[in-house]
Amino acid sequence: MIKAAITAVGGYVPDFVMTNDELAKLVDTNDEWITSRTGIKERRILKEPGKATSDMMVFAVEELLRKRGITALDIDLLIVGTITGDLIFPSTANIICDKIGAKNAWGYDLAAACSGFIFALATGSQFIETGKYKKVVVIGVDKMSAILDYEDRTTCVIFGDGGGAVLLEPSEDGNGIQDFILKSDGCGRKYLYQTAGGSLMPPTHETVEKRLHFVHQEGQAVFKNAVVNMAEVSADIMTKNHLTADDIAWLAPHQANKRICEATANRMGLSPDKMMMNIERYGNTTAGTIPLLLWDYEKQLKKGDNIILSAFGGGFTWGSIWVKWAYDGSKVGK
Ligand code: UT7
């Protein structure tokens, strides 16, 4: 049976580093609070005027193509998990395809907030498994700074900009995406949202004045739901597939909060050294966190490693994917 294997990874974070101390000059916060509550020390911000989400992913996709030794013309389909597309429409996938010259590809965006990458990965894998396509690029990325209120200390300290891309190709050696459990519950929409700018409340002077175009989060409610559901779905995918903690090489948890990641690893019975973490450097990049983890840890990943990808986010949306890694990352040049 054909499986969809991840055969290359690319990533991008902007150069500008915003530290906790820098944020403490903008809002009433401090390094101690941010570090102890979230694990974040700094995040990257895309500052250059005129640069958007698509520009970050041009770098990531070009890296992935270089590593795999193929060109943009080889791509059949490109899916972008994001909630901060360049424009309301057309899709950021279209824009990326145009900028990289992927003239044989079609594409679309998928909005599932922090679960955007895993939802897109599961979707993309189906086009490979059916035999329809040979090369699908799946992206998770967000430019959160575009929708953050730098006067709201409860949100602006958490999020950052960045993301990554993976290439999916058919594999017949058993490696690749093995299973996924994905969930959504629209009742969660009252705890994490952006009020204005959509068809419910189109932009007006008033929506801008009332700061309704920014992210609003009820942190504690989201935390409680995230900690339970991300841990539960990660344990469920193990039980469903008869996997024990010894079988798992890595957990790649959405980097929402260090405490949520630790609770998930704990529920799965995993030791902390099996948990990928980079929240301290990038913060929460929403759909970008999981591909950025794969990008950062690529060198340590071995062919056949069982990896569990898990996320929880706005919607609510959440889920886990079991991947058998398809290549030795140590052999890949940057
Ligand atoms: O990725 C998408 C899904 N999102 C998540 O998973 C995020 C889940 N939520 C969280 O990670 C946490 O709820 C936060 C990190 C957002 C907040 O941590 P918390 O431990 O839940 O803090 P809290 O909201 O209960 O606030 C505790 C106190 C409050 O002060 P009082 O009322 O106790 O006086 C806040 O006003 O901390 C205050 N506070 C801050 N203080 C300093 C809130 N934000 C800040 C801040 N700096 N940045």
Side-chain angles (χ1 to χ4, degrees), residues 18-43 81-84 111-119 140-145 147-163 182-194 214-234 252-265 267 276-280 282-293 309-320:
M18 185 177 264
T19 62
N20 290 347
D21 289 339
E22 281 300 315
L23 276 169
K25 292 179 193 160
L26 302 177
V27 288
D28 180 15
T29 192
N30 56 73
D31 177 52
E32 201 283 315
W33 191 96
I34 302 172
T35 308
S36 62
R37 300 279 174 140
T38 68
I40 301 166
K41 297 299 276 184
E42 57 189 42
R43 69 288 292 142
T82 191
I83 51 159
T84 52
C114 300
S115 307
F117 178 73
I118 61 168
F119 278 30
V141 60
D142 273 296
K143 181 185 168 186
M144 292 304 290
S145 63
I147 55 168
L148 283 178
D149 183 351
Y150 285 96
E151 293 183 12
D152 175 9
R153 68 177 182 173
T154 68
T155 50
C156 73
V157 302
I158 300 168
F159 296 99
D161 300 342
L182 301 175
K183 309 253 186 189
S184 54
D185 179 356
C187 289
R189 70 187 184 279
K190 55 184 176 289
Y191 301 116
L192 181 48
Y193 54 86
Q194 179 185 333
F214 295 123
V215 175
H216 180 83
Q217 174 170 253
E218 306 287 326
Q220 276 193 16
V222 179
F223 185 93
K224 278 183 202 146
N225 280 279
V227 93
V228 171
N229 287 309
M230 211 165 113
E232 210 57 40
V233 77
S234 306
H254 166 54
Q255 304 286 284
N257 185 313
K258 193 166 180 238
R259 292 179 288 152
I260 298 171
C261 299
E262 285 167 350
T264 302
R267 176 80 173 75
M276 298 184 191
M277 284 302 287
N278 58 16
I279 195 172
E280 66 285 354
Y282 304 146
N284 179 349
T285 54
T286 303
T289 61
I290 293 176
L292 278 175
L293 285 173
L309 318 178
S310 289
F312 182 91
F316 292 133
T317 56
W318 69 102
S320 282

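When a ligand or atom number is given, it counts from 1 through the structure's own listing order.
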Any non-hydrogen protein atom below 4.0 Å of [atom]?
| atom | result |
| --- | --- |
| atom 29 (C) of ligand 1 | no |
| atom 22 (O) of ligand 1 | yes |
| atom 37 (O) of ligand 1 | yes |

Could you identify the single nearest non-hydrogen protein atom to [atom] and state the distance to 0.1 Å?
| atom | result |
| --- | --- |
| atom 4 (N) of ligand 1 | Gln217 OE1, 3.1 Å |
| atom 2 (C) of ligand 1 | Cys114 SG, 2.9 Å |
| atom 17 (C) of ligand 1 | Trp33 CH2, 3.8 Å |
| atom 3 (C) of ligand 1 | Val222 CG1, 3.6 Å |
| atom 15 (C) of ligand 1 | Thr38 CG2, 3.6 Å |
| atom 11 (O) of ligand 1 | Asn257 ND2, 2.7 Å |

Under 4.0 Å to a heavy atom of [X] - the qualifying atoms of ligand 1, by number:
| X | answer |
| --- | --- |
| Ala256 | 1 (O), 5 (C), 6 (O) |
| His254 | 1 (O), 2 (C) |
| Ile158 | 16 (C) |
| Gln220 | 13 (O), 21 (O), 23 (P), 25 (O) |
| Asn284 | 1 (O), 2 (C) |
| Arg259 | 18 (O), 20 (O) |
| Val157 | 48 (N) |
| Ile260 | 6 (O) |

Out of [options], whose heavy atom sits nearest [atom]?
| atom | options | value |
| --- | --- | --- |
| atom 47 (N) of ligand 1 | Thr286, Thr29, Asn225 | Thr29 |
| atom 35 (C) of ligand 1 | Met144, Arg37, Arg153 | Arg153 |
| atom 13 (O) of ligand 1 | Gly219, Gly39, Ala24 | Gly219 |

In Å and rounded to the nearest 0.5 Å, what is the [atom1] to [atom2] distance from [X] to [Y]?
| X | Y | atom1 | atom2 | answer |
| --- | --- | --- | --- | --- |
| Asn278 | Leu293 | CG | CG | 4.5 Å |
| Ile279 | Thr38 | CD1 | OG1 | 5.5 Å |
| Phe312 | Ser234 | CZ | OG | 12.0 Å |
| Cys114 | Ile290 | SG | CD1 | 9.5 Å |

Which pair of non-hydrogen atoms, one from [X] and one from [Y], has the smallest distance, and what is that distance?
| X | Y | value |
| --- | --- | --- |
| Arg43 | Phe159 | CG-O, 3.4 Å |
| Val233 | Ser320 | CG1-OG, 3.4 Å |
| Ile83 | Ala111 | CG2-CB, 4.4 Å |

query: Is it true that a side-chain atom of Glu218 and a backbone atom of Lys190 form a donor plus acceptor pair closer than 3.5 Å?
result: no
- request: Could you see which bit of Phe223 sits under 4.0 Å from ligand 1, with heavy atoms only: side chain, backbone, both or neither?
  value: both
query: Should Met18 and Leu23 count as side-chain neighbours, where that means a heavy-atom distance under 4.5 Å?
result: yes
- request: Check whether any side-chain heavy atom of Arg259 lies under 4.5 Å from a side-chain heavy atom of Phe223, and answer yes or no.
  value: yes
message: Between Tyr150 and Ser145, does the side-chain contact (heavy atoms from CB on, under 4.5 Å) criterion hold? Intermediate values first, please.
response: CA-CA 9 Å; Tyr150 285 96; Ser145 63; 3.5 Å; yes
query: Under 3.5 Å, is there a donor-acceptor pair between the Asp142 and Thr82 side chains?
result: yes
query: Hey, is OH on Tyr191 packed in by over 12 heavy atoms from elsewhere, all under 6.0 Å?
result: no
